[in-house]
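What you see below is based on every heavy atom in this structure, not just the backbone, and it leaves out hydrogens, waters and symmetry mates.
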Amino acid sequence: MSIRDAVRKWLFPSEERANVNDPHFWPQIFGDRHLSQSNIVVTPETAMKLSAVYACIRVIAEAIASIPLQLYKKSKDGKELAESHDLYYLLHDQPNPMQTSFEFREMITAHLLLRGNAFVYKEKTDVSINALYPLNPAKMIVERDNYTTRYRYTDEQGRQYIYPQEYIWHIPGMSFDGIIGISPISYARDVIGLGLSADQYASKVYANYARMGVVLTYPGKLSPEAELSLKDSVSEAYSGQNAYKTMILQGGLGIEKVGMTNDEAQFIEQKAMSIEEIARIFKVPSILIGHPDKAATYASVEQQMLSFITHTIRPWTSRIEQSITKSLLQGREQKKYYAEFNLNDFVRGDISTRYSAYAAGRQWGWLSINDIRKLENMNSIEEGGDDYLYPLNMTIVGEEPLEPVTQGGGNGQDEVQGK
């Protein structure tokens, strides 16, 4: 045990406490209960068994994980990549020896979407952070004492650790107390529970070869032994692999089907509504989770994609960016550096749209050749690559127009540049 670990253990003595069996744990994560109105237990684990929930989590987590996350340093001209900073490599390439940046960000985003909180252990020295290790939020308890926050974590072997705030990067989701993020699953338990109930119902129906239950009627009265024997014999002879065989009834026995049909229960409509409700909770266009909108057109789908970036992805990335500044940058660094997700790839559009936008930017002077080539992931050029143009007839009101300088392009056309 290191000196730092010994001091930390002395300052914050460990207490024996279970994790998921701890009575303080579930109320903190899910509230007072996690049983839905449909009598289905809804937890992050059971919720992921519902295909719509799994699809929404995967779409958002993979989208955020695929966006380049870079560290920038503020400069007089705007910003520049801070590639020499230790944190740049951890965020952009590899946060720890076991994970890539994609895997790391996919994991913490899934934690946020399922449990409302993401916790990351900071392996650090006095001057820098060496690695970032994500922790399971199901095994973390946040303890608040006046102005001090401590994090009690139980690992897979049942060992407990208490970390002071400086060793934990905590990203809370939407919160009511400013400390712990609320679990989206806990507040959507009834909708998710209804979806799980529909799946269970469908499984049971098809396990019985899509046949509803039946009632056998007899004009007289059977003894308990005869009733049980009749029930067992009919079940053995005409269910499972023997389903749909011809049934022969004797002695006045009759048969009657009971229960609602799928049409009567509006099963298909209920399944569709459940998918749409879950997509609404996570703010994911239903078309992205394999539930197409029959009224959608190409133009409306394009707007849905833009809305997904603006109203779903952007808020999550902003939350993570600001949390990086708060928890991973120290002191004066917070005023000099900042992390940013590059969303340009998501809003680039098709090649025709991009080239039209580049042409406008080049013509009106806010894009150079190298700016455009960089956006298209192409190498820059040296001669004239960083020159900016401006229209010949544009000038400040009340001033004389600048005289243009023309350069022969070798093809009979001249390019107008500012002096």
Whether the side chain of Ser175 engages the backbone of Ile180 through a donor-acceptor N/O pair (distance < 3.5 Å, no angle test) should be reported.
yes
Side chains of Thr125 and Ser128, heavy atoms from C-beta outward: is any pair under 4.5 Å?
yes
What's the shortest heavy-atom distance between Ala279 and Cys56, and which atoms?
CA-SG, 4.0 Å
Partner residues of Glu166 under the side-chain hydrogen bond (donor to acceptor under 3.5 Å, both in side chains) criterion, sequence neighbours left out:
none
Of all residues at least two apart in sequence or in a different chain, which pass the salt bridge (charged side-chain N to carboxylate O under 4.0 Å, His left out) check with Arg280?
Glu277
Using the test salt bridge (charged side-chain N to carboxylate O under 4.0 Å, His left out), find all partners of Arg332 that sit at least two apart in sequence or belong to another chain.
none
Taking every heavy atom of Thr310 against every heavy atom of Pro315, the minimum-distance pair comes out as O-CD, 3.4 Å
Kindly indicate, with the supporting measurements, whether the criterion side-chain contact (heavy atoms from CB on, under 4.5 Å) is fulfilled by Leu91 and Gln70.
CA-CA 7 Å; Leu91 295 176; Gln70 296 170 314; over 6 Å; no
Gln165 side chain vs Arg150 backbone, donor-acceptor pair below 3.5 Å:
no
Between Ile369 and Asp387, is there a side-chain heavy-atom distance shorter than 4.5 Å?
no
The reported gap from NE2 in His311 to CD in Gln304 (rounded to nearest 0.5 angstrom) is 12.0 Å
Between the CG atom in Asn130 and the NZ atom in Lys124, the distance rounded to the nearest 0.5 Å is 10.5 Å
Results of salt bridge (charged side-chain N to carboxylate O under 4.0 Å, His left out) for Glu156 - residues two or more places apart only:
Lys139
Would you please say whether a donor-acceptor pair under 3.5 Å links the side chains of Asn370 and Ser368?
no
Would you say the side-chain atoms of Asn117 and His111 include a donor-acceptor pair closer than 3.5 Å?
no
Check whether Ser327 reaches the backbone of Ile324 with its side chain - one donor and one acceptor, N or O, closer than 3.5 Å.
no
Could you measure the distance from the CD1 atom of Ile275 to the OG atom of Ser51? Nearest 0.5 Å is fine.
6.0 Å
In terms of side-chain geometry, is the basic nitrogen of Glu45 or Arg115 positioned less than 4.0 Å from the acidic oxygen of its partner?
yes
May I ask you to decide if Asn136's main-chain N or O and Tyr153's side chain share a donor-acceptor pair within less than 3.5 Å?
yes
Would you say the side chain of Leu135 lies within less than 4.5 Å of the side chain of Val120, judging by non-hydrogen atoms?
no
Is the NZ or CZ atom of Lys122 positioned over Tyr167's six-membered ring, under 6.0 angstrom from the centre and within 45° of the axis?
no
Measure the shortest side-chain to side-chain distance between Ile313 and Phe341 over non-hydrogen atoms and say whether it is less than 4.5 angstrom.
no
Using 30° and 60° as the class limits, which term best fits the ring planes of Tyr88 and His92: parallel, tilted or perpendicular?
parallel
Does the side chain of Phe308 reach to within under 4.5 Å of the side chain of Ile60, using non-hydrogen atoms?
yes
Which word best sums up how the rings of Tyr151 and Phe119 line up, parallel for under 30°, tilted for 30 to 60°, or perpendicular for over 60°?
perpendicular
pair Met98-Tyr133: side-chain heavy atoms closer than 4.5 Å:
yes
Sequence-distant partners of Glu106, side chain to side chain contact (heavy atoms under 4.5 Å, CB included), two or more places apart
Ala61, Glu62, Ala65, Phe102
Taken in chain and number order and not counting sequence neighbours, the residues that satisfy salt bridge (charged side-chain N to carboxylate O under 4.0 Å, His left out) with Glu103 are none
With side-chain contact (heavy atoms from CB on, under 4.5 Å) as the criterion, how do Ile67 and Leu69 come out once you've worked through the C-alpha distance, each side chain's angles and the decisive distance to 0.1 Å?
CA-CA 6 Å; Ile67 303 172; Leu69 175 58; over 6 Å; no
Counting distance only, does the side-chain N/O of Arg319 pair as donor-acceptor with the main-chain N or O of Pro172 below 3.5 Å?
yes
Looking at Asp155 and Gly158, would you say the former's side chain and the latter's main chain have a donor-acceptor pair under 3.5 Å?
yes
Kindly determine whether Glu123 and Ile129 satisfy side-chain contact (heavy atoms from CB on, under 4.5 Å), including the steps that lead there.
CA-CA 6 Å; Glu123 182 182 273; Ile129 298 174; 5.9 Å; no
Does Asn379 CG have over 12 foreign heavy atoms under 6.0 Å away?
no
With side-chain contact (heavy atoms from CB on, under 4.5 Å) as the criterion, how do Ile171 and Ser323 come out once you've worked through the C-alpha distance, each side chain's angles and the decisive distance to 0.1 Å?
CA-CA 6 Å; Ile171 312 172; Ser323 181; 3.5 Å; yes
Identify which one of Trp366, Tyr358, Tyr388 satisfies the side-chain hydrogen bond (donor to acceptor under 3.5 Å, both in side chains) criterion when paired with Asp371.
Tyr388
Looking only at atom types and distance, does a side-chain atom of Asp190 sit under 3.5 Å from a main-chain N or O of Gly193, one as donor and one as acceptor?
no
With Pro134, which residues qualify under side chain to side chain contact (heavy atoms under 4.5 Å, CB included), at least two apart?
Asn96, Gln99, Phe104, Met107, Ile108
Tyr163 and Tyr121 aromatic centres sub-6.0 Å
yes
Ile179 versus Val142: any side-chain heavy-atom pair under 4.5 Å?
yes
Partner residues of Tyr338 under the side-chain hydrogen bond (donor to acceptor under 3.5 Å, both in side chains) criterion, sequence neighbours left out
none
Do the side chain of Arg189 and the main chain of Val42 share a donor and acceptor less than 3.5 angstrom apart?
no
State, yes or no, whether a side-chain contact exists between Leu328 and Leu132 at a heavy-atom distance under 4.5 Å.
yes
Distance check, rounded to the nearest 0.5 Å: Leu90 atom CG versus His85 atom NE2?
9.5 Å
Heavy atoms of other groups near Arg373 CZ, more than 12 under 6.0 Å:
yes
Would you please name every residue forming a side chain to side chain contact (heavy atoms under 4.5 Å, CB included) with Leu50, sequence neighbours left out?
Val53, Ile192, Leu196, Asp199, Ile278
For Glu340, run the salt bridge (charged side-chain N to carboxylate O under 4.0 Å, His left out) check against Arg314, Lys74, Lys79 and tell me which one passes.
Lys79
State whether the side chain of Thr149 and the backbone N or O of Pro164 hold a donor-acceptor pair below 3.5 Å, judged by distance alone.
no
Looking only at the side chains, is there a donor atom on one of Thr109 and Arg105 sitting less than 3.5 Å from an acceptor on the other?
no
For Ser274, side-chain hydrogen bond (donor to acceptor under 3.5 Å, both in side chains) partners two or more places apart:
none
May I ask you to decide if Gly116's main-chain N or O and Ser183's side chain share a donor-acceptor pair within less than 3.5 Å?
no
Tell me every residue that passes side chain to side chain contact (heavy atoms under 4.5 Å, CB included) with Glu80, counting only those two or more places apart in sequence or in another chain.
Lys73, Ser75
Across all chains, not counting sequence neighbours, the side-chain hydrogen bond (donor to acceptor under 3.5 Å, both in side chains) partners of Thr312 are none
